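Written below as structure tokens is the structure these notes are about.
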Protein chains: 2
Amino acid sequence: MVDVRDTWHPDPDEMNLTEVMSALSDPIRVGLIRLLSDGEERGWGLLRAPVSKSTLSHHLRVLRSAGLTRTRMEGTRCFVVLRRDDVQSRFPGLLDAVLTAADNQSVGSEVSLA
Amino acid sequence: MVDVRDTWHPDPDEMNLTEVMSALSDPIRVGLIRLLSDGEERGWGLLRAPVSKSTLSHHLRVLRSAGLTRTRMEGTRCFVVLRRDDVQSRFPGLLDAVLTAADNQSVGSEVSLA
DNA sequence: TCCTTTGTTCGATGTTCGTAGAACGTCAAA
DNA sequence: TTTGACGTTCTACGAACATCGAACAAAGGA
């Protein structure tokens with residue numbers, strides 16, 4: 001059984017403002033975006049968040065289906081990267097503003113690496 | 001009986017990113033912000049949204065307690081204004097980015113004036 | 001061929017949210 | 001004083017959400 005959600009990513013034109021804002025309304029998801037803000041691709045195994053495996057999977061799906069991240073499979077492992085340029089082209093300035101504000105307020109600091 | 005929620009507005013330092021993002025995750029609230037984006041103070045009676053009176057009151061309270069708008073009473077009438085400078089000082093670039101994106105996508109166009 | 005690792009999916013649960021209607025308080029006008 | 005306009009609050013309800021554990025699927029190793 002093929003699940004569309006596994007591989008689908010929205011094009012920049014398909015990204016929805018309300019969905020993106022909603023995706024960025026959760027501290028854990030903001031923390032994940034902050035970790036990825038340097039543009040590096042990261043394996044899920046490196047992501048440390050105070051939630052269960054299934055909840056983390058859920059949050060990463062929300063980010064992906066909003067268009068904020070891109071997920072790539074390699075064997076049984078997943079790698080995720082921030083779609084910074086795509087988001088910038090669709091919503092100029094939005095991601096930078098959120099990242100700046102999140103840094104200032106330490107939003108999502110419960111999420112870490114390694 | 002005094003209700004704190006009637007008059008309380010957060011200082012810029014008290015504004016919370018997650019709360020602001022959440023407040024801007026609803027199309028009707030984004031529409032209200034768009035209407036107020038010219039900086040003019042507007043009476044509630046001028047706001048036209050496809051929701052009931054109580055629901056509109058709820059949305060305006062969410063915007064107010066997030067710090068996005070300021071509400072002033074005058075007799076039995078209410079006036080609301082966008083706190084553009086306060087939001088800009090706390091979250092530089094955020095409001096502009098959201099307004100630009102909302103205009104491009106016509107988010108909240110179901111809200112109108114008069 | 002098993003077993004481990006990795007991530008998804010499926011209930012289940014408790015919470016929050018958007019919504020509406022009814023009741024209330026307040027102020028102004030008739 | 002009575003009536004009407006205006007906005008808030010209370011209550012209720014369904015939908016959506018965050019969370020978890022368990023079951024599942026796929027890919028490599030032992």
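Lettering of chains follows the sequences in order, A, B, ..., and the numbering in each one begins at 1. What you see is a predicted model, and the numbers here were worked out from it, not measured in a lab.
- Scanning all heavy atoms of the two residues, the minimum distance from A:Q88 to A:G93 falls at OE1-N, 3.2 Å.
- Note on A:S54: every side-chain N or O is 4.0 Å or more away from OP1 and OP2 of D:dG21.
- If B:K53 and A:E74 are placed on DNA chain D by their nearest nucleotide, the residue sitting closer to the 5' end is B:K53.
- For D:dG28, neither phosphate oxygen OP1 nor OP2 lies less than 4.0 angstrom from any side-chain nitrogen or oxygen of A:R77.
- For D:dT9, the OP1/OP2 oxygens have a side-chain nitrogen or oxygen of B:R61 closer than 4.0 Å.
- Minimum interatomic distance between A:E19 and A:N16 (heavy atoms only, all atoms of both residues): N-OD1, 2.9 Å.
- For the residue pair A:A102 and A:V30, the shortest heavy atom distance occurs at CB-CG1, 3.7 Å.
- In this structure, A:H59 reaches the D:dT19 phosphate: one of its side-chain N or O atoms is under 4.0 Å from OP1 or OP2.
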What string of B, S and - do you get for nucleotides 25-30 of chain C 5' to 3' if you count protein non-hydrogen atoms under 4.0 Å? -BB---

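- Applying the 6.0 Å contact sphere to CZ of A:R77 captures no more than 12 heavy atoms from other residues, nucleotides or ligands.
- The shortest heavy-atom contact between A:G39 and A:V81 is O-CG2, 3.6 Å.
- A donor N or O paired with an acceptor N or O is not found under 3.5 Å between the base of D:dG7 and the side-chain atoms of B:S57.
- Applying the side chain to side chain contact (heavy atoms under 4.5 Å, CB included) test between B:I33 and each of B:V98, B:V111, B:L95 identifies B:L95 as the sole match.
- Across the protein-nucleic acid pair, B:L63 atom CG and C:dG18 atom P stand 10 Å apart, rounded to whole Å.
- Take B:D96 and apply the salt bridge (charged side-chain N to carboxylate O under 4.0 Å, His left out) test, not counting sequence neighbours, and it matches B:R84.
- Rounded to whole angstrom, the span from the NE2 atom of B:H58 across to the P atom of D:dT11 amounts to 17 Å.
- Applying the salt bridge (Lys or Arg N to Asp or Glu O under 4.0 Å) test to every pair with at least one member in residues 42-59 of chain B, sequence neighbours left out, gives these pairs: B:D38-B:R42.
- In this structure, B:L56 places its CG atom 13 Å from C1' of C:dG18, rounding to the nearest Å.
- Rounded to 10 degrees, the angle between the two end axes of the helix from C:dT1-D:dA30 to C:dA30-D:dT1 is 0°, with five pairs used at each end.
- Rounded to the nearest 0.5 Å, atoms CG (B:D13) and OG (B:S89) are 8.0 Å apart.
- Near DNA chain C, meaning a heavy atom under 4.0 Å from it, residues 16-48 of chain B has B:D26, B:R29 in order of number.
- In this structure, CZ of B:R72 is placed 16 Å from P of D:dC6, rounded to the nearest angstrom.
- For C:dT19, neither phosphate oxygen OP1 nor OP2 lies less than 4.0 angstrom from any side-chain nitrogen or oxygen of B:S52.
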If you apply the rule side-chain contact (heavy atoms from CB on, under 4.5 Å), what do you find for A:D86 with A:R70, and how did you get there? CA-CA 10 Å; A:D86 287 343; A:R70 188 177 299 280; 3.6 Å; yes

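- Checked against salt bridge (charged side-chain N to carboxylate O under 4.0 Å, His left out), B:E14 has no partners two or more places apart in sequence or in another chain.
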